[in-house]
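Below: one structure, written as structure tokens.
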Number of protein chains: 2
Amino acid sequence: MKSQEISKLLKGSGLKVTPQRMLIMEIISGMYNHPTAEMVISRVQEIQPGISPATVYKTLDTLVRKKLICKISTDDGIMRYDPVTLQHHHLYSTTSGKIKDFYDEELNRLLREYFNRKKIPGFELEDFRLELNGKFDEESTSNYV
Amino acid sequence: MKSQEISKLLKGSGLKVTPQRMLIMEIISGMYNHPTAEMVISRVQEIQPGISPATVYKTLDTLVRKKLICKISTDDGIMRYDPVTLQHHHLYSTTSGKIKDFYDEELNRLLREYFNRKKIPGFELEDFRLELNGKFDEESTSNYV
DNA sequence: GTGGCTGCAAAGCCTTTGCAGACAT
DNA sequence: ATGTCTGCAAAGGCTTTGCAGCCAC
């Protein structure tokens, strides 16, 4: 993402454009591996030592609140961050803990249609995300199928 | 769940049947609110003071590993436990953090069919779960739609 | 009898908080 | 100028670990 875009996004959300925020946004928008806060912190500090972990946490929190990034949780209890706000799903590896994004407009349409047709009693659906568990091909060392 | 059932489940997984495990299984199978570890601990200690939190954590972990219960994570980073192993989905309240189970065999069938038809490249799907975000009706205080 | 399980306490880890000083606007 | 943001350090909260003793088998 270009600096200009980022700065516009920040301003558009009523946030001050600080070097720390710019850097964090740049980093997250360039990492497609769903970094943990810790990963962001160490990347940040590689580039600009002296930025406080607390600042990164606070910034991530702010960005999530402003919906510029999103936060996902895995079963290890560590939060991960995701640059993309487009509706998409996640592929979770059951063996390595890796996560990948999964886009599938056909699937989105299918689900939206389904829930339009069949309301969930007592619940007003706003958004959904599919959690797909399995193995990535490169991990299939054991062929016990 | 009856004690006999639980004891059979434990044995069947190669676990020793201890009073602590019996109690924890009983508690979780009777709590349909997706308790956190802490909730299980305090319930446990109401009934039998002196059981260590560490034991509860270890037991929960063991039970998850043996697939007698399952572990879900929310965006607050606190793990929750779920007695049910049947395939089902979760309704998350975006306002209160409440979680409810959502069963829908039609939906399961729809998704299974979809993924049978359309494989995900580079990924061997084992299991899926839908994360449904929204509001429960009793929470709709603000009608800002 | 023996290996697994429990309890205790301490430590670990990720994350949040409070506050003073700095900075974007 | 001012209200927000940063950095530091400390605390907080959830969870794990190590080890001695105990218990189910």
Side-chain angles (χ1 to χ4, degrees), chain A residues 3-4 6-25 27-28 34-45 47-66 68-69 71-81 97, chain B residues 3-4 6-25 27-28 34-45 47-66 68-69 71-81 97:
Chain A
S3 306
Q4 255 187 1
I6 296 177
S7 140
K8 196 182 293 181
L9 276 174
L10 291 174
K11 271 182 202 150
S13 302
L15 297 175
K16 293 199 172 163
V17 179
T18 68
Q20 291 86 341
R21 282 175 182 169
M22 291 296 289
L23 182 56
I24 290 170
M25 281 291 283
I27 284 174
I28 294 195
H34 306 277
T36 60
E38 219 177 30
M39 288 157 88
V40 176
I41 290 169
S42 64
R43 191 86 192 79
V44 159
Q45 296 188 333
I47 299 177
Q48 220 181 101
I51 293 189
S52 160
T55 301
V56 177
Y57 275 106
K58 284 173 194 164
T59 303
L60 289 173
D61 195 55
T62 307
L63 295 175
V64 170
R65 264 201 336 271
K66 297 296 186 179
L68 300 184
I69 62 179
K71 189 179 181 180
I72 60 181
S73 58
T74 54
D75 285 353
D76 56 9
I78 300 177
M79 296 294 125
R80 289 158 180 278
Y81 296 87
Chain B
S3 306
Q4 256 187 3
I6 296 178
S7 139
K8 195 182 293 181
L9 276 174
L10 290 175
K11 272 182 201 148
S13 303
L15 297 174
K16 293 197 172 165
V17 179
T18 68
Q20 290 87 340
R21 283 176 181 166
M22 291 296 289
L23 182 56
I24 290 170
M25 280 293 281
I27 284 174
I28 295 195
H34 305 276
T36 61
E38 218 177 31
M39 287 157 89
V40 176
I41 290 169
S42 65
R43 193 83 192 81
V44 160
Q45 297 189 333
I47 299 175
Q48 217 179 106
I51 293 189
S52 160
T55 300
V56 177
Y57 275 107
K58 284 173 194 163
T59 302
L60 289 173
D61 195 54
T62 306
L63 296 175
V64 169
R65 265 200 337 270
K66 297 295 185 180
L68 300 184
I69 62 178
K71 188 178 181 181
I72 60 181
S73 58
T74 55
D75 285 353
D76 57 10
I78 301 177
M79 295 296 123
R80 287 156 180 280
Y81 297 85

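Numbers restart at 1 for each chain; the letters A, B, ... are given by sequence-line order, proteins then strands.
In plain terms, the two heavy atoms of B/T36 and B/Y81 that are nearest each other are C-CD1, 4.4 Å. Closest non-hydrogen pair, A/Q45 versus A/I51, comes out as NE2-O, 2.8 Å. Annotation for B/I24 and B/V56: closest pair CD1-CA, 3.9 Å, computed over non-hydrogen atoms. The nearest pair of heavy atoms linking B/M22 to B/L10 is SD-CD1, 3.9 Å.
In this structure, A/M39 atom CE and C/dC14 atom C1' are separated by 15 Å, rounded to whole Å. Rounded to whole angstrom, the span from the CE atom of B/M79 across to the P atom of D/dG13 amounts to 18 Å. One atom, CZ of A/R21, and another, P of C/dA24, lie 11 Å apart when rounded to the nearest Å. Across the protein-nucleic acid pair, B/R80 atom CZ and D/dT15 atom P stand 10 Å apart, rounded to whole Å. The separation between B/Y57 atom OH and D/dT17 atom P is 13 Å, rounded to whole Å. One interatomic measurement links the two molecules: CD1 of A/I41 to C1' of D/dC8, which rounds to 14 Å at whole-angstrom precision. Nucleotide D/dT16 holds its P atom 11 Å from the CD1 atom of A/I78, rounded to whole Å. The interatomic distance linking B/Q45 (CD) with C/dT6 (C1') rounds to 13 Å, in whole Å.
Between D/dT6 and A/S52, no contact under 4.0 Å exists linking OP1 or OP2 to a side-chain N or O. In this model, the phosphate group of C/dC23 is not approached by any side-chain N or O of A/Q20 to a distance below 4.0 Å at OP1 or OP2.
Looking only at distances, a side-chain donor or acceptor of B/T62 sits under 3.5 Å from a matching main-chain atom of B/K58. Under a 3.5 Å cut-off, the side chain of B/R80 and the backbone N or O of B/P35 do not form any donor-acceptor pair. Judged by distance alone, with hydrogens and angles left aside, the side-chain atoms of A/S52 form a donor-acceptor pair with the main-chain N or O of A/A54 at under 3.5 Å. With hydrogens and angles ignored, the 3.5 Å screen pairs no side-chain donor or acceptor of B/R43 with any backbone N or O of B/I27.
Nearer the 5' end of DNA chain D, as judged by each residue's closest nucleotide, is the contact made by A/V56, out of B/K71 and A/V56.
Where the helix from C/dG1-D/dC25 to C/dT25-D/dA1 starts and where it ends, the local axes point in directions that differ by 40°; five pairs per end, rounded to 10°.
At the heavy-atom level, A/G50 lies under 4.0 Å from the strands shown only through sugar-phosphate atoms.
In this structure, A/D61 CG and A/K71 NZ are separated by 6.0 Å, a value rounded to the nearest 0.5 Å.
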Counting primed atoms, P, OP1 and OP2 as sugar-phosphate and everything else as base, the B/S/- map of nucleotides 18-25 of chain D against protein heavy atoms under 4.0 Å is B-----BS
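With distances taken from any side-chain atom of A/T55 to the nucleotides D/dT16, D/dG7, C/dG7, the minimum falls on D/dG7.
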